[in-house]
Amino acid sequence: MLNSKKKVLRPLFESNEGIHLTIYLRNDLDFADLKSQLQNAIEQASRDLTPVLNHDQQTEFFAPLRALLLDGGTMRHMKGNVGLFRNEKSFRVLSIPIELEPACHLASSFHIKPLLKWLQCDQEFLFVGIDESSASLYQGSQTSFKPIGTLQLGPRNELWTGAFEGLRDWINQLTKNSITRIFLAGPPEATEAFSSQFKRRSIHQDTIADSFHPEDLPRLCELIRRTLKKESQELLEDTLFEFRLAEDEGRARRNIFHIAKAVVRGRVKKLIVTDELCIFGKIDKNSGGLAIHPFDLDHEDDDLLDDLAQLVLGQGGEVVIASRNEMPKGRPILAILDDDPWALEPTRSLGPS
């Protein structure tokens, strides 16, 4: 099913009880180096957990990670960077096809900023190519492109009935309950007839060529990927512009202390955070009060930028990931509040504004 990536990642976003270990490994296709990174991460996490888990508990907690060290096949065949997610109930291994820095995080929830960046940068899409005799369906992303199947079309007077209805049903099965981009290529009368089959607002269609031949696939796939990359960048630019407008209206915050209070009150519509900085500490989820630490003190400390992003997502808000140089004055976090004007607190500052 399309958007399966979001469904796969959702349990990681929502998990927030007990000990959570997140490990990111940079995969340069050097298996020995990959194993060394994992071994170092296990040793670091073991040291940090010594005050709270005894020897037997640690043995059980780290068992799937140590098994991964002994299993040469799993990581050896992973093409992207690697994310490992372990809590007391589950263990997940993901191939993550974006740039990331090796890291090891112990906290009360998983560290998800790299996953959010992955979702933002690597959108999934469908492509439908229609020629004189068939309609072919493909599923793709920035890192993959695969055929789903082909339906044969009858004579033109039948082309716009049963065949396209079948293709519509096929796509609806793939995209159930998800927002979907479909790119089309084919004769205008055929693509228009195909488009008329859809009434769901969550289906967004773009015609990128007025003809289709299978040999066009590499060129068309690259065109789609360039389009989605451009839109991803435009999303950030549009969000920063929206932030400036909201600031003029008093609906924006730059101060992490003020933002935390707005988040726990459910007042943050959009959060913009950098993926190049961690601010360690703890958040009081009732008051929004923050305790900021100069470094990661214990297994309960987490990156506050990451924690605030998870809270906003859980409230149905939007999170946008940006690099530090894309943020105004290098700020680590920005927030756009909802449309109901409100005074967060008196003008007394709790930190740099």
Output yes when a side-chain donor or acceptor of Tyr24 lies under 3.5 Å from a complementary backbone atom of Asn81, and no otherwise.
no
Pairs involving residues 216-240, ordered by first then second residue, that meet side chain to side chain donor-acceptor pair (under 3.5 Å) (sequence neighbours left out)
Arg181-Glu231
For residues Ile321 and Ile272: do they belong to one hydrophobic cluster (side chain heavy atoms under 4.5 Å, members Ile, Leu, Val, Met, Phe, Trp, Tyr)?
no
Nearest heavy atoms of Pro332 and Leu277, plus distance in Å:
CB-CD2, 3.7 Å
Is there a side-chain hydrogen bond (donor to acceptor under 3.5 Å, both in side chains) between Gln152 and Ser134 once you walk through the steps?
CA-CA 4 Å; Gln152 297 303 312; Ser134 63; 4.8 Å; no
Would you say that Leu115 contacts Phe85 through its side chain, given a criterion of any heavy-atom pair below 4.5 Å between the two side chains?
yes
Check this for me: does any side-chain nitrogen of one of Lys269 and Glu318 sit under 4.0 Å from a carboxylate oxygen of the other?
no
Report yes or no: does Thr59 contribute a side-chain atom to a donor-acceptor pair with the main-chain N or O of His55 at less than 3.5 Å?
yes
Short question: side chain of Ser195, backbone of Thr191 - any donor-acceptor pair under 3.5 Å?
yes
Any sub-3.5 Å donor-acceptor pair from Ser46's side-chain atoms to Ile42's backbone N or O?
no
Minimum heavy-atom separation for His293 and Gly281, please, with both atom names.
ND1-CA, 3.7 Å
Tell me every residue that passes salt bridge (charged side-chain N to carboxylate O under 4.0 Å, His left out) with Lys35, counting only those two or more places apart in sequence or in another chain.
none
At their closest point, which heavy atom of Ile98 faces which heavy atom of Pro114, and how far apart are they?
CD1-O, 3.4 Å
What about Val93 and Phe31, same hydrophobic cluster or not, with Ile/Leu/Val/Met/Phe/Trp/Tyr joined at side-chain heavy-atom distances under 4.5 Å?
yes
From CG (Leu21) to CG (Leu65), nearest 0.5 Å:
6.0 Å
In terms of heavy-atom contacts, Asn27 and Gly80 come closest through ND2-O, 3.0 Å
Check against ring-ring contact (aromatic ring centres under 6.0 Å, His included), Phe91 and Phe62:
CA-CA 10 Å; Phe91 177 57; Phe62 288 110; over 10 Å; no
With a cut-off of under 6.0 Å to the ring centre and 45° to the axis, is Arg168 in cation-pi contact with Phe194?
no
Please answer whether the main-chain N or O of Asp30 pairs with a side-chain N or O of Asp28 as donor and acceptor at a distance below 3.5 Å.
no
With a 4.5 Å cut-off on side-chain heavy atoms, are Thr143 and Lys79 touching?
no
I want to check something: taking the side chain as every heavy atom from C-beta on, are Ile23 and Leu38 in contact at a cut-off of under 4.5 Å?
yes
Heavy atoms only: give me the nearest Leu151-Gly166 pair and the separation to one decimal.
CD1-C, 4.0 Å
State, with a plain yes or no, whether a side-chain heavy atom of Ile336 is found less than 4.5 Å away from one of Arg251.
yes
Are Pro97 and Gln142 side-chain neighbours, meaning at least one heavy-atom pair lies under 4.5 Å?
no
From Ser15 atom OG to Arg10 atom CZ, the distance as rounded to the nearest 0.5 Å:
14.5 Å
Could you check whether Asp71 and Thr74, counting side-chain N and O atoms only, form a donor-acceptor pair closer than 3.5 Å?
yes
Under a plain distance cut-off of 3.5 Å, with no hydrogens placed, do Asp33 and Gln37 share a side-chain donor-acceptor pair?
yes
Charged N-O contact under 4.0 Å between Arg267 and Asp338
yes
Taking Gly330's backbone N and O only, do any of them form a donor-acceptor pair with Arg324's side chain (distance below 3.5 Å, no angle check)?
yes
Using side-chain hydrogen bond (donor to acceptor under 3.5 Å, both in side chains), reason through Ser36 and Gln39 one step at a time and then give a plain yes or no.
CA-CA 5 Å; Ser36 176; Gln39 181 64 54; over 6 Å; no
Less than 6.0 angstrom separating the ring centers of Phe110 and His20, yes or no?
yes
Taking the side chain from Thr150 and the backbone from Ser136, do they hold a donor-acceptor pair closer than 3.5 Å?
no
Could you see if Ile279 belongs to whatever hydrophobic cluster contains Leu116? Use Ile, Leu, Val, Met, Phe, Trp, Tyr and a side-chain cutoff under 4.5 Å.
yes
Do Leu271 and Ile112 sit in the same hydrophobic cluster, where Ile, Leu, Val, Met, Phe, Trp and Tyr count as joined when their side-chain heavy atoms come under 4.5 Å apart?
yes
Assess whether side-chain contact (heavy atoms from CB on, under 4.5 Å) is satisfied between Phe212 and Leu220, documenting all intermediate values.
CA-CA 9 Å; Phe212 171 71; Leu220 294 174; 3.9 Å; yes
Under the side-chain contact (heavy atoms from CB on, under 4.5 Å) rule, what do Ile182 and His204 come out as? Steps first, then yes or no, please.
CA-CA 6 Å; Ile182 302 178; His204 302 281; over 6 Å; no
Non-hydrogen side-chain atoms of Arg92 and Leu12 separated by less than 4.5 Å
yes
Do Val8 and Leu94 touch side chain to side chain, with heavy atoms closer than 4.5 Å?
yes
Interatomic distance, CD1@Ile208 vs CD1@Ile224, rounded to 0.5 Å, equals 4.0 Å
So which of Asp306, Asp302, Asp303, Asp275 actually passes salt bridge (Lys or Arg N to Asp or Glu O under 4.0 Å) with Lys113?
Asp303
Closest heavy-atom pair and its distance - Pro51, Arg47:
CD-O, 3.8 Å
Gap separating the CZ atom of Arg86 from the CG atom of Leu106, nearest 0.5 angstrom:
12.0 Å
Measuring only between side-chain heavy atoms, which start at C-beta, is Phe243 closer than 4.5 Å to Glu247?
yes
Is it the case that one hydrophobic cluster holds both Leu240 and Leu305, taking links as side-chain heavy atoms less than 4.5 Å apart, direct or via other members?
no
Tell me every residue that passes ring-ring contact (aromatic ring centres under 6.0 Å, His included) with Phe145, counting only those two or more places apart in sequence or in another chain.
Tyr138
Given 3.5 Å as the limit, does a donor-acceptor pair link the side chain of Gln139 with the main chain of Glu124, or not?
no
Working for side-chain contact (heavy atoms from CB on, under 4.5 Å), residues Leu68 and Leu84:
CA-CA 10 Å; Leu68 198 60; Leu84 307 174; 3.7 Å; yes
Going by atom types alone, do Ser108 and Asn16 pair a side-chain donor with an acceptor below 3.5 Å?
no
Return the CG to CZ distance between Leu70 and Arg66, rounded to the nearest 0.5 Å.
9.5 Å
Would a distance-only check, ignoring hydrogens and angles, find a side-chain to backbone donor-acceptor pair under 3.5 Å from Glu60 to Gln57?
no
Under the criterion side-chain contact (heavy atoms from CB on, under 4.5 Å), I'd like the reasoning laid out for Leu308 against Val268: C-alpha separation, chi angles, the key distance, then a yes or no.
CA-CA 10 Å; Leu308 291 169; Val268 173; over 6 Å; no
Ser141/Gln123 under side-chain hydrogen bond (donor to acceptor under 3.5 Å, both in side chains): CA gap, chis, key distance, verdict:
CA-CA 6 Å; Ser141 68; Gln123 302 173 55; over 6 Å; no
Quick one: pull up CD in Glu99 and SG in Cys121 and give me the separation to the nearest 0.5 Å.
11.0 Å
Do other residues, nucleotides or ligands put more than 12 heavy atoms under 6.0 Å from the CD atom of Glu17?
no
